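Hydrogens, waters and symmetry mates are skipped; everything else that's a heavy atom, side chains included, is used. Values in this document were obtained by computation on a predicted structure and should not be read as measured data.
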Amino acid sequence: MVQAVSLQLTEKSLGFFSNKTKDKILISSLVLFNEDGFNNVTTASIAKHTGILEGSLWYHFNSKKDIVSMHIKLLEKVFLSANQQIKSKDFETIINEFFQSYNIIWDFRYILRDNFQKTFEGDESILKSITEINNYLDKWAENKILHSFESGLIEINSKEIENLSEIILVIGRYWLDFSMKKYPGVNINSLRLKGLKHIITILNPYLNSKGIPIIKNMLKQY
């Protein structure tokens, strides 16, 4: 069951998980939280999809909150690994890190999508972690647009950067959930590709003519 569930995640993210039971629980819970929402997933359903007894889950995690905390730490690690060349001005490098980052955002999208205020009311520690990772990704999107501008990949008025970064990050937060409902039965990788194409459509009016063929060629590889 875990193998089938893990097909919902990219190889980049899966590379940070081992074959140990704890990591299998993290994979199953991540996919289930993404698909059904954190509050709608029980520890019993996580255990079932992992192929273990619920008692084994409790051995590794005291609560679903602990699973969220671990997912946030993993998201940070995976995201940083996809942004190792953030200062590069090479168009292909910028675009590749951009595409990888969006696929990672989709892998951990429930953290960015779900509202945890009532769920963890009174637990400032976990709420702070969730807020910080969301703010970090907001800033990342804005900085990515700014860096693309400074590198010559796009041409944009500085006043438009914040608005543009917010628009494309909305796709990161909600695209897969929307598209899976609109196109039931369509392969998730096809939906990811369609999401990337939508982002490029939004960026297209700002793209340098040299960057357009590079992007088209790279999209063929996804």
Residues Arg192, Thr10; criterion side-chain contact (heavy atoms from CB on, under 4.5 Å); working and verdict: CA-CA 10 Å; Arg192 287 174 182 268; Thr10 59; 3.4 Å; yes
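- Take Asn135 and apply the side-chain contact (heavy atoms from CB on, under 4.5 Å) test, not counting sequence neighbours, and it matches Thr131, Asp138.
- One hydrophobic cluster, built from ILVMFWY side chains closer than 4.5 Å, cannot hold both Tyr174 and Ile111; they sit in different ones.
- There is no path of hydrophobic side-chain contacts, each under 4.5 Å, that joins Leu26 to Tyr59.
- Atom NZ in Lys20 sits 10.0 Å away from atom NE2 in His60 (nearest 0.5 Å).
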Could you pull out all donor-acceptor pairs under 3.5 Å where a side-chain atom in residues 112-120 meets a protein atom, sequence neighbours excluded?
unit_1, atom_1, unit_2, atom_2, d
Arg113, NH1, Asn34, O, 2.7
Arg113, NH1, Asp177, OD1, 2.9
Arg113, NH1, Asp177, OD2, 3.1
Arg113, NH2, Phe33, O, 2.9
Arg113, NH2, Asn34, O, 3.3
Asp114, OD2, Phe38, N, 3.0
Asn115, OD1, Gln117, N, 3.0
Thr119, OG1, Asn39, OD1, 3.1
Thr119, OG1, Asn39, ND2, 3.0

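- Using modelled atom types, no side-chain atom of Ser151 and backbone atom of Ser148 make a donor-acceptor pair closer than 3.5 Å.
- Atoms NZ and NZ, from Lys73 and Lys77 in turn, are 8.0 Å apart once rounded to the nearest 0.5 Å.
- The minimum heavy-atom distance linking Gln85 with Glu97 is given by the pair N-OE2, 2.6 Å.
- The cluster map of Ile, Leu, Val, Met, Phe, Trp and Tyr, joined by side-chain heavy atoms under 4.5 Å apart, puts Ile202 and Ile199 in the same cluster.
- Under a 3.5 Å cut-off, the side chain of Thr50 and the backbone N or O of Ile46 do form a donor-acceptor pair.
- The closest side-chain heavy-atom distance from Ile171 to Trp106 is below 4.5 Å.
- Closest approach of Thr21 and Ser56 over heavy atoms only: CG2-OG, 3.9 Å.
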Quick one: do Trp175 and Tyr102 satisfy ring-ring contact (aromatic ring centres under 6.0 Å, His included)? Show the steps, please. CA-CA 11 Å; Trp175 165 250; Tyr102 263 83; over 10 Å; no
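- The shortest non-hydrogen separation linking Tyr183 to Lys194 is OH-CE, 3.5 Å.
- To the nearest 0.5 Å, atoms CD (Glu76) and CG (Leu80) are separated by 7.5 Å.
- In the hydrophobic cluster analysis, where Ile, Leu, Val, Met, Phe, Trp and Tyr join through side-chain heavy atoms closer than 4.5 angstrom, Val170 is grouped apart from Phe98.
- How far OG1 of Thr43 is from CD1 of Ile25: 10.5 Å, rounded to the nearest 0.5 Å.
- Contact annotation: the side chain of Lys144 approaches that of Asn83 to within less than 4.5 Å [non-hydrogen atoms, C-beta and beyond].
- Cluster annotation: Ile168 is connected to Tyr136 through the hydrophobic network of ILVMFWY side chains, with a link wherever side-chain heavy atoms come within less than 4.5 Å.
- Using a 4.5 Å heavy-atom cutoff, the side chains of Lys64 and Ser29 are not in contact.
- At a threshold of 4.5 Å between non-hydrogen side-chain atoms, the residues Lys48 and Thr42 do not count as touching.
- By the 4.5 Å heavy-atom criterion applied to side chains, His147 and Ile86 are not counted as neighbours.
- Between the CG atom in Asn103 and the CD atom in Glu11 there is a gap of 11.0 Å [rounded to 0.5 Å].
- Between Leu137 and Phe79 the shortest side-chain heavy-atom distance falls below 4.5 Å.
- Residues Ile104 and Ser101 form no side-chain contact, since every pair of their non-hydrogen atoms from C-beta on lies 4.5 Å or further apart.
- Looking at heavy atoms from C-beta onward, Ser13 lies in side-chain contact with Phe108 at the 4.5 angstrom threshold.
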For residues 203-219, please give each side-chain donor-acceptor pair under 3.5 Å, one per line with the distance, not counting sequence neighbours.
unit_1, atom_1, unit_2, atom_2, d
Tyr206, OH, Glu160, OE1, 3.2
Asn208, OD1, Lys210, N, 2.6
Asn208, ND2, Gly152, O, 3.1

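- The environment of Glu132 atom CD is dense: over 12 non-hydrogen atoms of other residues, nucleotides or ligands sit within 6.0 angstrom.
- Distance CG/Asp107 to CZ/Phe16: 11.5 Å, rounded to 0.5 Å.
- Side-chain atoms of Asp23 do not come within 3.5 Å of backbone N or O of Phe17 as any donor-acceptor pair.
- In terms of heavy-atom proximity, Ser81 sits nearest to Lys12 at OG-CE, 3.2 Å.
- A donor-acceptor pair under 3.5 Å is absent between the side-chain atoms of Thr93 and the main chain of Lys89, judged by distance alone.
- When all heavy atoms of Gly172 and Ile105 are compared, the pair lying nearest together is O-CG2, 3.5 Å.
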